[in-house]
Amino acid sequence: EVQLVESGGGLVQAGGSLRLSCAASGFTFDDYAIGWFRQAPGKEREGVSCISLGDGSTYYTASLKGRFTISSDNAKNTVYLQMNSLKPEDTAVYYCAAVRTIGWDYSWPYYEYDYRGEGTQVTVSS
């Protein structure tokens with residue numbers, strides 16, 4: 001059974017940091033890219049960052065690069081999103097989604113994926 005399970009969300013004050021985790025199971029980790037997305041109430045889904053797990057290449061949405069850093073521990077089948085200098089506008093449900101790289105054109109954000117998690121809530125207070 002394929003699973004993507006996010007954790008690490010919570011309530012943090014503006015300027016604070018959080019590290020989200022996405023633990024994957026049930027598929028060959030290195031054959032996929034995993035991206036982080038977020039969606040706030042009443043807003044469109046937004047791609048945050050993505051990592052290709054086979055070669056480690058990373059992709060960022062330009063407006064978030066510099067505050068957010070994506071990484072992976074392939075031995076643990078886990079992708080992380082380090083979020084620093086958080087702002088109230090970062091408040092959203094963050095979820096991870098996996099796309100098989102063989103069918104991916106390496107564009108970011110991607111709009112179709114094979115698997116996704118349920119998400120974790122991040123709330124940044126002012």
Could you check if a side-chain atom of [X] sits within less than 4.5 angstrom of a side-chain atom of [Y], using non-hydrogen atoms only?
X	Y	value
V122	L11	no
F68	D90	yes
V12	T123	no

Is the backbone N or O of [Y] less than 3.5 Å from a side-chain atom of [X], with the two atoms forming a donor-acceptor pair by type?
X	Y	result
N77	S25	no
T61	G47	yes
S49	Y60	no

* Between the side chains of T78 and D73, is a donor N or O closer than 3.5 angstrom to an acceptor N or O? -> no

* Would you kindly say whether R38 and Y94 are connected by a side-chain donor-acceptor distance under 3.5 Å? => yes

* To do: Take atom CD of Q39 as the centre, draw a 6.0 Å sphere, and report whether it contains more than 12 heavy atoms from other residues, nucleotides or ligands.
  => yes

* For R19, all residues meeting salt bridge (charged side-chain N to carboxylate O under 4.0 Å, His left out), sequence neighbours excluded -> none

* **Candidate pair I34 and C22, rule side chain to side chain contact (heavy atoms under 4.5 Å, CB included), full reasoning** => CA-CA 9 Å; I34 289 182; C22 171; 4.2 Å; yes

* Asked: Which pairs with one or both residues in residues 3-13 pass side-chain hydrogen bond (donor to acceptor under 3.5 Å, both in side chains), sequence neighbours excluded?
  -> none

* **Nonpolar side-chain network containing V99, other nodes, edges under 4.5 Å** => F37, Y59, Y95, W104, Y106, W108, Y110, Y113

* To do: Can you spot which of Q82, R67, M83 makes a side chain to side chain contact (heavy atoms under 4.5 Å, CB included) with S17?
  => Q82

* Distance, nearest 0.5 Å, that separates CD1 of I70 from CG of L64 -> 11.5 Å

